[in-house]
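In what follows, chains carry the letters A, B, and so on, assigned in the order in which the sequence lines appear, proteins first and then strands, with residues in each chain numbered from 1. Bear in mind the structure is a predicted one, so any value in this text is a computation, not a measurement. For the numbers below, each heavy atom of this structure counts, side chains included, while hydrogens, waters and symmetry mates do not.
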Amino acid sequence: MITSGEIRRLFSKYDKSRLTISTICSHSALQIFHGAKWLKFKTLGVTTPDRRFVYEAFPLAKPDIFIEVREFKDILSKDVQERLVEENCVIIPHGSFVEYIGAANILNRLFVPMFGNRMVLLWESDRSKQREWFREAGLKTPREFKNPSEVDCKVFVKYPGAKGGTGYFIADSAEELEEKIKRAMEKRLIKSVEEASIQEFVPGVRYYFHFFYSLMLDVGFRVTKGRLELLGMDKRIEPIDEAYRGLPNVPEEFFDYTVTGNQPLILRESFLKDCLDMGARVVLASQRLFPPGIVGPFCLETIYHPSRGFTVFEVSARIVAGTNLYPQGSPYTAYLFNEPMSTGKRIALELKKALESNRLEEILY
Amino acid sequence: MITSGEIRRLFSKYDKSRLTISTICSHSALQIFHGAKWLKFKTLGVTTPDRRFVYEAFPLAKPDIFIEVREFKDILSKDVQERLVEENCVIIPHGSFVEYIGAANILNRLFVPMFGNRMVLLWESDRSKQREWFREAGLKTPREFKNPSEVDCKVFVKYPGAKGGTGYFIADSAEELEEKIKRAMEKRLIKSVEEASIQEFVPGVRYYFHFFYSLMLDVGFRVTKGRLELLGMDKRIEPIDEAYRGLPNVPEEFFDYTVTGNQPLILRESFLKDCLDMGARVVLASQRLFPPGIVGPFCLETIYHPSRGFTVFEVSARIVAGTNLYPQGSPYTAYLFNEPMSTGKRIALELKKALESNRLEEILY
Amino acid sequence: MITSGEIRRLFSKYDKSRLTISTICSHSALQIFHGAKWLKFKTLGVTTPDRRFVYEAFPLAKPDIFIEVREFKDILSKDVQERLVEENCVIIPHGSFVEYIGAANILNRLFVPMFGNRMVLLWESDRSKQREWFREAGLKTPREFKNPSEVDCKVFVKYPGAKGGTGYFIADSAEELEEKIKRAMEKRLIKSVEEASIQEFVPGVRYYFHFFYSLMLDVGFRVTKGRLELLGMDKRIEPIDEAYRGLPNVPEEFFDYTVTGNQPLILRESFLKDCLDMGARVVLASQRLFPPGIVGPFCLETIYHPSRGFTVFEVSARIVAGTNLYPQGSPYTAYLFNEPMSTGKRIALELKKALESNRLEEILY
C-alpha cells in the first residue's frame, strides 16, 4: 500500500502555486472542474476519447488540459501518473473514479496525491467493514440475512456482479427468495447463496444527504477539530421510480435499480437534528477506525419512516452524483455561505484555504 | 381572548429601532431567521436544548439570541413572554408554532405581538369553520360524509388524533370503511364514528401554493387594498409517495401520510389563472369573515385533475414548510423581485416596509 | 405558404432599434417576456381578456403592451398582424401558440416574422414526417403497430382528438387493445382503427431535454456552423404520476396523461454523451430535411432504460413549458453562462447578438 508518508514526500516537491485540480471525466467532473475554475485553480481532465466532447460542450466546466486515455484505468500507468505529478495535480476522487480504477488499485498503485483520506476505501468498499463502521457509529441499518431460510419479511437482494442496480430484486418470503436464488444460480448469475446480499426491505422515503467534513472553515456543526456542513440532499431516480406508470400489470423491466439521475428535495426541518447527528457519528467513528478519518465530502444513503426513524443503508465517502443538482448551491448552502456553493466548489475552497495556510498535507492522501 | 387593542398598546411601547424577529426553532425557522438577517433585523430563537445545535450549524440562519425552554409550550410562561417583549420581538408563527403552542393558547395567552392576524386561527383550526370559509370563497372542496353507510366512492379518512399523517387511511367502499372504523374503535383509536373525517378520495396531482398577501408592496395581483403574490409551490413527500417501490405486494407501512419533506415543481402556465383566482377568493372571504382578513403568507393545498379542475382540501394561514425549498427564491419570485426572495425574507421585507412607513400596527396581532 | 422571402421583405422595413419580442400570453410567455425585458427588449403580449391579470401579476414578466383578442386565433386577423408589424414585433412561438393558431395557419397566413424556422412545423406536426425525421437522425423510437392484431407487447395508445393526454391509454395485449378500440368506436371517440396511434409501451425513466441550437454564440457543442447548448431538462407531471396514491385499487381517473406541471431533475453525467449526441443528430437531420433546419430551442422527449438506452418519442421544435422551471438558469446553464440564463432569456440573447451583428435574417422566418 502506498503510505501517506510517500504521498507527502512526493507532494513536497509540488509547485503549490500551480496546483491543478484533476479528475476523470465522468460522474461529477463537470461540477468539480466548474468549482475549481471558479476559484482560479488550473484543471486537468483525464478522459476517454468518446467523452471529451461533453466536457468541451460546457465552457465553464471544461478542464484547461485534457489527457486522453484508452480506458480510465490507464490513469494508473506510469506515464499518465508522472504527467499528473508534473502538472502538480491533486486528484478529486468521485464514484466513477473508484468504480473504474478499483479501490485496491488506488491504495496500491496510485501515487498521485488525492484529496481526502484514501484509507476510507478499505472501510467503504467492503460490505462487512462498512457495517462495522455503522455499528461503531451507532446507526440503524437494515437487518441482514445469511441464510434465505431465515427470512421472515420482505427482502431486498443484491448480487455482487449486479452493475448499477440491474439485477437487484425484491422477494416477499423465504420461499420466493429461495426460488429466485435457485434460478439465479442456474443462470450462473451467482455461484452460491453466500454471494447474495439479503437485506430487510425498509419502507419509507429515501434521502441522500450530502455532507462535507471540513478542517479549514469555521462553518457548520462542530465535530472534534472540524466542522460538519450539510450541503444538500437528493433523491435518486431509477426505472423502479416510474413503475406505477405501468400499472396494473407492471412490466418486469421496471424492477431495475440503476441510478439514471437525481431529483432535488428538502427534509422536514425537525428531522435535521437526526440528519446532522448521523453525519457527526459517521465522522467520529471514522476518526476512531481509520485516523484521521473522513476528510471532505461524503453521503449517507437513508430511508425515513415515521415508525422507524432513519435507516442508513450505505455511505459514500466522496462527492456523490446527486450534488450535480446544485452547481449554484442548494437550499442548505444558502444558510451556510454568502455565495453560490456547490460541493465541487466547496472542495476547491477547502484546498484553497489549506493552501493559503500551508496545511494541504492534512487533507491529502 | 387577547384583543388587537391590547397588542397595539403593548407594541406602542416597543423600541422600533430594535425590532427583533422571533420564532420557535422548528419548521421554517432557518428560513425565517435567514430572511430577517438578510434585511438586518435582530433575531431571536426560542429553542429546546436538543435542537439548538441545528440552528448553530447554519451561521447565516442562526438567531442572534437563543432562549432555551424545556418544551416549546413554555413560550407562554410570563418569564419568556416578558423577555420577548423586552427584546422588542415580533413573533412569526409557523406550522409547528401553532401545533406546539395550540390555537387557543395563542388566542388567549400569548400577549407578544405576532405577524399577521391571529383571528385566522379561529377559522383555520376548526374543520367546520374552515369549510365555511371555503364555501364563502366559492372553492371546490372534496365531498364529506357524516355516515359511513352513505359512502358511494373511494374515501380518504382521518382520525383527529392522527399525528402528521400516520393513521390516515383509504377505503374503497362503505363496507370496507365500516370494517376499518370498527377495528379502529376496538383499538380505541377513536371512540365514535363521528370523530372520523370521511372525505371523497380525489384523484389528481397535488399542488401546494405559497401565497403572500401584502399591504405594503405594490407587486402582484391587486385584491382590494392589497396585493396577492404567488411566491412558489411544492409537493409534499410522504411514505405513500414511495409505495410503488414495494410493488406488487406493497407493505402496509407505506400507507402513511406523514410529511417528511418537499419537492419543487411548477404549474402549467395556463392554470395560473385558477391558482391566482383561488388565492384571491380566499383573501376576499377572509376579509368578510374576520376583518382585516389574511395578512402575509398562506398556502392552499390542492389537487388538480383535468376533469375536475382544482379541489382545495386545506388552507394554512401562515408560512408552510414547503417554502423551505426556496431560500433564494422560486421560479415564480423570479418574475416578482429583482433579488432572491424567500417567504422568510418576504415576511421581513413586509415588516421593514411597514416600519419605514410607520404602519406596523396594520400587520401585527 | 408564406415564403421566407416575403418575411424578409417585410422585416427589412422594421425599425430594428425598436424590435419588440412578442408572443401569446400562455405556456411560457412569462419566461419569454422576463428574458426579453432582462435584455431591454420591448415586449408585447397578445392575450385573451381573462388571462391578462396573470401577466399583470408578475411585474418583471409583464409585457409593455397588451393586445387583447377574443380568442388567440384572432392573432391571424389583418388588424392584429398589422399592429404587430407596426410595433416591429418578432413572434416567439411556443407550444400553445402552435396549438391555438394551428400549424397550417402559421405557414399560410401568419405574415409577422417569427423566431426560428417555421418549416419545422411541416415536419413536427405530422406524425409520419416526424418519424421520418427520427429515422434520418438515426434515433431509436418506439415500435409502432398499424393493426391491433399485430400487437405482441404492452402498448400505449393515443387518439388524435385526445387533448393534452386525456384519452391516452395502455393495453396489455392484442385482445385488450381490440376490446378498447371497439369501445372507443362505439363511443365515437374514433371512427376507425387507423386513427389510433399504437406504440410499444417503453418502460424506463422519462427525460425531457431542453436544447438550444445557436448560430450566434460560441458556446456548447459544435454542430456544423452552429453550437448545441443543453439548457436543462425536466420531468412532466401528469395525473398518472400520482396513481400509486390510489393503490391497491387505483381509480380510473388516474390513468390520464394531461401535463399539469413539471419537476426538475438531472441526468447521470455519463449519459450526457448520448443526450448531446441525440440533440446533434436531430439538428443535422433537420438541416438535411428542411434547410437551414432547426434554429433556437427544441426539446427531445425520451425514456431511458439500462437495457434499451434512450428511446425518443417526440420532438418539440420550440421552447417547451418544462423550461419554466429555470427562469434563473438550470444546473446545466451554470456550466455554460456566467449569468442566470433561462431559455426565454437565451432566445432574447440570440436575437440581441443577431441584431448587433446584423444577422437577424438568419434566425427569423
Legend entry - Toward chain A, the part of C:Y207 with a non-hydrogen atom under 4.5 Å: side chain

Inset, instruction - Report the option among A:D241, A:T260, A:V54 that has the most heavy-atom pairs separated by less than 4.5 Å from atoms of chain C. - result: A:T260

Inset, instruction - Identify the two heavy atoms, one from C:Y335 and one from A:L30, that lie closest to each other, and give their separation to 0.1 Å. - result: CE1-CB, 3.7 Å

Legend entry - Region of C:V250 that comes under 4.5 Å of a non-hydrogen atom in chain A: side chain

Legend entry - Greater than 12 external heavy atoms within 6.0 Å of A:K180's NZ: yes

Legend entry - Chi angles and distances behind the side chain to side chain contact (heavy atoms under 4.5 Å, CB included) call for C:I303, A:E242: CA-CA 10 Å; C:I303 284 180; A:E242 302 249 328; over 6 Å; no

Legend entry - Side chain / backbone / both / neither for C:K154 at chain A, heavy atoms under 4.5 Å: side chain

Legend entry - Check: C:E269 side chain, A:A29 main-chain N or O, donor-acceptor pair, under 3.5 Å: yes

Legend entry - Option that, when pairs with chain A are counted at under 4.5 Å, heavy atom only, ranks first among C:V219, C:D172, C:L267: C:D172

Legend entry - Segment of C:P264 engaging chain A (4.5 angstrom heavy-atom cut-off): both

Inset, instruction - Side chain from CB out, backbone as N, CA, C, O: work out which of these in C:R308 comes under 4.5 Å of a heavy atom of chain A, or both, or neither. - result: side chain

Inset, instruction - Name the region of C:L230, side chain, backbone, both or neither, that has any atom closer than 4.5 Å to a heavy atom of chain A. - result: both

Legend entry - Heavy-atom check, side chain of C:S270 versus side chain of A:R51, under 4.5 Å: yes

Legend entry - Contact origin within C:F255 toward chain A - heavy atom pairs under 4.5 Å: side chain

Inset, instruction - Select one option (side chain, backbone, both, neither) describing which atoms of A:D50 are under 4.5 Å from chain C's heavy atoms. - result: both

Inset, instruction - Search all heavy atoms of A:L247 against all heavy atoms of C:A243 and return the closest pair with its distance. - result: CD1-CB, 4.4 Å

Inset, instruction - For each of C:Q263, C:H305, C:R206, tally heavy-atom pairs with chain A at distances under 4.5 Å, and name the one with the top tally. - result: C:R206

Inset, instruction - Could you look at C:I170 and say if it's the side chain, the backbone, both or neither that has a heavy atom under 4.5 Å from chain A? - result: side chain

Inset, instruction - Identify the two heavy atoms, one from A:L325 and one from C:I266, that lie closest to each other, and give their separation to 0.1 Å. - result: N-CD1, 3.4 Å

Inset, instruction - Of all the heavy-atom pairs spanning A:A57 and C:L336, show the shortest one and how long it is. - result: O-CD2, 3.3 Å

Inset, instruction - Classify the ring geometry between A:F254 and C:F201 as parallel (under 30°), tilted (30 to 60°) or perpendicular (over 60°). - result: perpendicular

Legend entry - Enclosure of A:K73 NZ (heavy-atom neighbours >12, cutoff 6.0 Å): no

Inset, instruction - Classify the ring geometry between A:F53 and C:F221 as parallel (under 30°), tilted (30 to 60°) or perpendicular (over 60°). - result: tilted

Legend entry - Where C:R268 and A:T258 come nearest, the two heavy atoms and their spacing: NH1-CG2, 3.7 Å

Inset, instruction - Taking atom NZ of A:K235 as the centre, report whether more than 12 heavy atoms of other residues, nucleotides or ligands fall under 6.0 Å from it. - result: yes

Legend entry - Per-residue contact mode, C:Q328 against chain A (heavy atom under 4.5 angstrom): neither

Inset, instruction - Flag the one option from A:P327, A:P239, A:A61 with the top tally of heavy-atom pairs under 4.5 Å to chain C. - result: A:P327

Inset, instruction - Check each atom of C:T333 against the heavy atoms of chain A and say whether the ones under 4.5 Å are side chain, backbone, both or neither. - result: neither

Inset, instruction - Flag yes if more than 12 heavy atoms outside A:E252 fall under 6.0 Å of its CD atom; otherwise flag no. - result: no

Inset, instruction - State plainly whether the residues C:E238 and A:R245 are in salt-bridge range, i.e. N to O under 4.0 Å. - result: yes

